[in-house]
Colleague: 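Here's a structure for you.
Everything numeric here is computed off the predicted structure, so don't read it as measured data.
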Amino acid sequence: MTAPAIHLALDLRTLLARPLHELRGFTHPDGRAMTPRQARVALAAQLAEGNELLPIGNNAPFDFIKR
């Protein structure tokens, strides 16, 4: 018996409301570390595209849910 898939996602609006120093640990697609300011810009760009959630991991396909 296989375990059910667990899909995790980050709420972009909640992340953007956090202080800048808490936006550490994000990386570019090529693996380079982002500064907190770069992370904020990237998260805001995702939100501007209409994505409310940012998927975590490789659980594809992921359907973004809009509020």
Colleague: Return the CD to OG1 distance between E52 and T14, rounded to the nearest 0.5 Å.
Modeller: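 That separation rounds to 9.5 Å.
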
Colleague: Please determine whether residues L54 and V41 belong to a single hydrophobic cluster, defined as Ile, Leu, Val, Met, Phe, Trp and Tyr linked transitively by side-chain heavy-atom distances below 4.5 Å.
Modeller: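 No: no chain of side-chain contacts under 4.5 Å links L54 to V41.
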
Colleague: Before you tell me yes or no, could you show the steps for L23 and T35 under side-chain contact (heavy atoms from CB on, under 4.5 Å), namely the whole-Å CA-CA distance, both residues' side-chain angles and the distance that decides it to 0.1 Å?
Modeller: CA-CA 8 Å; L23 295 179; T35 66; over 6 Å; no

Colleague: Supply the atom-to-atom distance F26 CZ to L10 CG, rounded to the nearest 0.5 angstrom.
Modeller: 6.0 Å

Colleague: With sequence neighbours excluded, what pairs up with P29 under the side-chain contact (heavy atoms from CB on, under 4.5 Å) test?
Modeller: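 Not a single residue meets the side-chain contact (heavy atoms from CB on, under 4.5 Å) criterion with P29.
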
Colleague: Run the side-chain contact (heavy atoms from CB on, under 4.5 Å) check on R24 and M34 step by step: do they pass?
Modeller: CA-CA 7 Å; R24 297 182 191 274; M34 286 185 179; over 6 Å; no

Colleague: Show your reasoning for whether side-chain contact (heavy atoms from CB on, under 4.5 Å) applies to L47 and R13.
Modeller: CA-CA 8 Å; L47 189 60; R13 291 185 191 278; 4.0 Å; yes

Colleague: Check the pair L53, D11 against side-chain contact (heavy atoms from CB on, under 4.5 Å), reporting the backbone distance first and the verdict last.
Modeller: CA-CA 5 Å; L53 301 173; D11 182 340; 4.3 Å; yes

Colleague: Quick one: CD on Q38 to OG1 on T27, what's the gap to the nearest 0.5 Å?
Modeller: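 The CD atom of Q38 sits 11.0 Å away from the OG1 atom of T27.
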
Colleague: Can you list every pair that meets salt bridge (Lys or Arg N to Asp or Glu O under 4.0 Å) and has a residue in residues 32-42, with sequence neighbours left out?
Modeller: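 Pairs touching residues 32-42 that pass the test: D30-R32.
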
